[in-house]
**Student:** 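Structure in structure tokens, see below.
No experiment lies behind these values; they were computed from the predicted model shown. Just follow the structure's listing: the first ligand is 1, and inside any ligand the first atom is 1. We're numbering straight along the sequence, starting at 1.
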Amino acid sequence: MNIVIVGAQWGDEGKGKMIDILSRKVDYIVRYQGGNNAGHTVVAGGKEYIFHLIPSGILHKGKICCIGNGVVVDPMVLIKEINDLRKAGIHIDGRFKISSLAHVILPYHRILDQLRETKRTQRIGTTGRGIGPCYADKIIRCGIRMVDLLNPGVFRDKLKDNLKEKNEIFKKVYDHPGFSFDKIYEEYLDYAKALSGYICNVHLLLNDAVDKKKDILFEGAQGTFLDIDFGTYPFVTSSSTTAGGATIGTGVSPVKIDKVIGVAKAYTTRVGEGPFPTEFPPAFDKFMRNKGNEFGATTGRPRRCGWFDAVMVKESVLLNGISELAIMKLDILDNLKNIKICTGYKYKGKKFREFPYDFEVLSNALPIYKEMPGWDSLTTKAKKYRQLPGNAKNYLSFLQDVLNTKISMISVGSSREETIFLD
Ligand code: IMO
Ligand code: MG
């Protein structure tokens with residue numbers, strides 16, 4: 001079975017844990033978009049691992065983990081991640097592959113990402129990793145791909161051409177001295193040497209796996225509302241985070257994908273700027289952030305927290321074709337007096353039951369809440385659904401009804417063991 005895992009909110013839903021759990025049942029795990037803006041945390045054997053580029057399934061022996069063509073790769077970060085895994089005793093040789101068609105993040109992408117943020121009045125709050133500028137170069141056709149790095153002549157010509165144009169922009173627009181060709185060229189040829197053994201035509205490898213009836217897990221990064229088309233634009237990331245991205249970003253046809261599983265937190269979080277209708281008021285926000293340890297795995301920034309937004313997740317179900325949901329971090333809602341779920345919005349006397357895309361409406365929308373009593377016992381020890389407190393079950397069953405989607409997994413703690421399976 002070929003399954004896509006996608007975040008149903010604004011990222012950080014707990015995709016890392018889900019992928020780690022589902023990896024056991026598949027042969028291949030492939031990242032299809034994003035880059036090291038992602039931070040996927042897995043707790044295994046009492047140890048915490050944070051992955052930015054390598055699929056979270058790598059901890060499972062024998063699984064083949066790939067970076068698809070849709071991903072943007074910062075080779076410096078990737079090499080560090082490979083070395084860290086080696087140090088932890090995890091062997092990846094022979095089972096880690098990078099698409100020859102994946103685009104490469106260069107120093108000018110990182111710097112431009114940061115400079116643009118300081119220059120604009122409407123900041124996006126990016127991770128500053130060069131993700132947006134790298135995708136922009138891909139689209140305007142001056143990107144450098146993995147396969148280009150492997151050919152010193154091709155790489156030289158492309159880099160020369162790029163720097164000619166970019167250095168002028170850096171100087172004139174951003175008052176930045178620009179970049180030396182020699183320095184980047186040598187540095188990146190070294191990266192190419194270090195990575196060459198992993199680079200191959202991942203799209204062919206995966207299609208071969210499909211022919212052989214192997215199982216593939218497509219690991220989405222970020223979340224539906226950070227999607228370049230369907231997210232809360234412009235406060236989004238620069239890739240297709242929705243399930244469709246899985247086919248563009250790997251070269252596996254949509255007709256070969258069997259199922260999409262959505263991952264959502266039992267509440268909502270968001271890092272960076274942008275509208276967030278169900279955001280908690282400041283004091284409660286701080287309380288919940290500490291309770292849920294909601295600090296970014298990539299940048300360490302505090303995450304903004306709010307109630308579960310069923311309008312959003314309903315839209316995610318639709319956009320991604322989600323047939324099963326995993327609800328994460330239910331335990332963080334333990335011991336709350338009341339719990340709210342947003343089922344609609346109000347703005348200027350008008351009611352909205354669908355996610356509003358008008359920036360003014362979304363920025364000022366007042367949530368319509370369904371309020372439910374909380375539970376005062378802990379969910380962490382529950383191994384089965386029936387062991388959950390009654391009000392926690394009521395909460396989940398309300399979510400299931402309002403979203404019209406089956407909840408198949410519930411996470412009540414960070415470790416693999418703290419997971420309830422409903423099938
Ligand atoms: P994972 O995979 C949460 C957010 C940034 C910013 C916006 C654009 O861990 O869920 P970018 O650097 O991508 O251009 O920033 O997107 N963002 C994420 N938020 N989780 C992520 O990834 C994110 N990756 C990017 O905070 O608001
Ligand atoms: Mg994350």
**Student:** Is it the case that over 12 heavy atoms from other parts of the model lie below 6.0 angstrom from the CZ atom of Arg289?
**Tutor:** yes
**Student:** May I ask you to check whether over 12 heavy atoms, not counting those of Glu187, lie within 6.0 Å of atom CD?
**Tutor:** yes
**Student:** State whether Asp137 and Lys166 are salt-bridged, where the test is any N-O pair (Lys NZ or Arg NE/NH1/NH2 against Asp/Glu carboxylate O) under 4.0 Å.
**Tutor:** yes
**Student:** List the closest protein heavy-atom neighbour of atom 8 (C) of ligand 1: residue, atom name, distance to the nearest 0.1 Å.
**Tutor:** Val236 O, 3.3 Å
**Student:** Hey, which atoms in ligand 1 end up nearer than 4.0 Å to a heavy atom of Gly11?
**Tutor:** 3 (C), 10 (O), 20 (N)
**Student:** Tell me: protein heavy atom nearest atom 5 (C) of ligand 1, and distance?
**Tutor:** Gly125 O, 3.6 Å
**Student:** Using a 4.0 Å heavy-atom cut-off, say whether Phe235 meets ligand 1 through its side chain, its backbone, both or neither.
**Tutor:** neither
**Student:** Below 4.0 Å from any atom of ligand 1, is there a heavy atom belonging to Gly223?
**Tutor:** no
**Student:** Do Glu219 and Arg31 sit within salt-bridge range, that is, some charged N less than 4.0 Å from a carboxylate O?
**Tutor:** no
**Student:** Among Thr241, Asp227, Asn37, Thr237, which one satisfies side-chain hydrogen bond (donor to acceptor under 3.5 Å, both in side chains) with Gln222?
**Tutor:** Asn37
**Student:** Under 2.8 Å from the Mg ion (ligand 2), which protein N, O or S atoms are there? Could you list them by chain and number?
**Tutor:** Asp12 OD1, Gly39 O
**Student:** Atom 26 (O) of ligand 1: which protein heavy atom is closest, and how many Å away?
**Tutor:** Arg301 NH2, 2.9 Å
**Student:** Is the closest basic N to carboxylate O distance between Asp215 and Lys25 below 4.0 Å?
**Tutor:** no
**Student:** Are any of the N/O atoms in Ala38 less than 3.5 Å from those in ligand 1?
**Tutor:** no
**Student:** N/O of Glu273 under 3.5 Å from N/O of ligand 1, yes or no?
**Tutor:** no
**Student:** Does the Lys NZ or Arg CZ of Lys340 fall within the cation-pi geometry relative to Phe308 - under 6.0 Å from the ring centre and within 45° of the axis?
**Tutor:** no
**Student:** Heavy atoms only, cut-off 4.0 Å: how does Thr298 contact ligand 1, side chain, backbone, both, or neither?
**Tutor:** neither
**Student:** Let's go through Arg304 and Asp285 carefully: what are the C-alpha distance in whole Å and the side-chain angles of both, what is the deciding distance for salt bridge (charged side-chain N to carboxylate O under 4.0 Å, His left out) to 0.1 Å, and is it a yes or a no?
**Tutor:** CA-CA 7 Å; Arg304 301 154 64 191; Asp285 191 39; over 6 Å; no
**Student:** Take atom OH in Tyr233; do more than 12 heavy atoms of anything else shown fall under 6.0 Å from it?
**Tutor:** no
**Student:** If the cut-off is 4.0 Å to any non-hydrogen atom of Ala221, which atoms of ligand 1 fall inside it?
**Tutor:** 2 (O)
**Student:** By the side chain to side chain donor-acceptor pair (under 3.5 Å) test, which pairs, at least two apart or in different chains, include something from residues 250-267?
**Tutor:** Lys259-Glu324, Lys265-Thr269, Lys265-Glu294, Tyr267-Glu294
**Student:** If you measure every N or O of Thr237 against every N or O of ligand 1, does any of those distances drop under 3.5 Å?
**Tutor:** yes
**Student:** Identify the protein heavy atom lying closest to atom 23 (C) of ligand 1, giving its residue, its atom name and the separation to 0.1 Å.
**Tutor:** Gln222 CG, 3.5 Å
**Student:** Does a side-chain N-to-carboxylate-O contact under 4.0 Å join Lys17 and Asp20?
**Tutor:** no
**Student:** Have a look at Asp74 and tell me which of Lys80, Arg110, His52, Arg129 forms a side-chain hydrogen bond (donor to acceptor under 3.5 Å, both in side chains) with it.
**Tutor:** Arg110
**Student:** Going by heavy atoms, is Ser238 under 4.0 Å from ligand 1?
**Tutor:** no
**Student:** Should you measure from each heavy atom of Ile124, which atoms of ligand 1 turn up under 4.0 Å away?
**Tutor:** 27 (O)
**Student:** Regarding atom 18 (C) of ligand 1: of the candidates Leu226, Val271, Thr127, which has the closest heavy atom?
**Tutor:** Leu226
**Student:** Which donor-acceptor pairs under 3.5 Å do the side chains of residues 311-318 make with protein atoms, sequence neighbours left out?
**Tutor:**
| residue | atom | partner | partner atom | Å |
| --- | --- | --- | --- | --- |
| Glu315 | OE2 | Tyr357 | OH | 2.6 |
| Ser316 | OG | Ala8 | O | 2.6 |
| Ser316 | OG | Thr224 | OG1 | 3.4 |

**Student:** In ligand 1, which numbered atoms sit nearer than 4.0 Å to a non-hydrogen atom of Gly272?
**Tutor:** 27 (O)
**Student:** Is the closest N or O pair between Thr126 and ligand 1 shorter than 3.5 Å?
**Tutor:** no
**Student:** Can you confirm, on distance only, whether ligand 1 has an N/O atom lying under 3.5 Å from any N/O atom belonging to Lys15?
**Tutor:** yes
**Student:** Answer with side chain, backbone, both or neither: which part of Arg270 has a heavy atom less than 4.0 angstrom from an atom of ligand 1?
**Tutor:** neither
**Student:** Can you tell me the protein heavy atom closest to atom 3 (C) of ligand 1 and the distance?
**Tutor:** Asp12 OD2, 3.1 Å
**Student:** Run the side-chain donor-acceptor check on residues 362-371: report pairs under 3.5 Å with partners two or more places apart or on a different chain.
**Tutor:**
| residue | atom | partner | partner atom | Å |
| --- | --- | --- | --- | --- |
| Ser363 | OG | Phe359 | O | 2.6 |
| Asn364 | ND2 | Glu360 | O | 2.8 |

**Student:** With a cut-off of 4.0 Å, which atoms of ligand 1 are near a heavy atom of Trp10?
**Tutor:** 3 (C), 19 (N)
**Student:** Can a donor-acceptor pair be found, under 3.5 Å and without considering hydrogens, that links the side chain of Ser196 to the backbone of Lys193?
**Tutor:** yes
**Student:** Compute the shortest N/O to N/O distance between His40 and ligand 1 and return yes if it is under 3.5 Å, no if not.
**Tutor:** yes
**Student:** Strictly under 6.0 Å, is that where the ring centroids of Phe235 and Trp10 end up?
**Tutor:** no
**Student:** So does Asn338 have more than 12 non-hydrogen atoms from other groups sitting under 6.0 Å from CG?
**Tutor:** yes
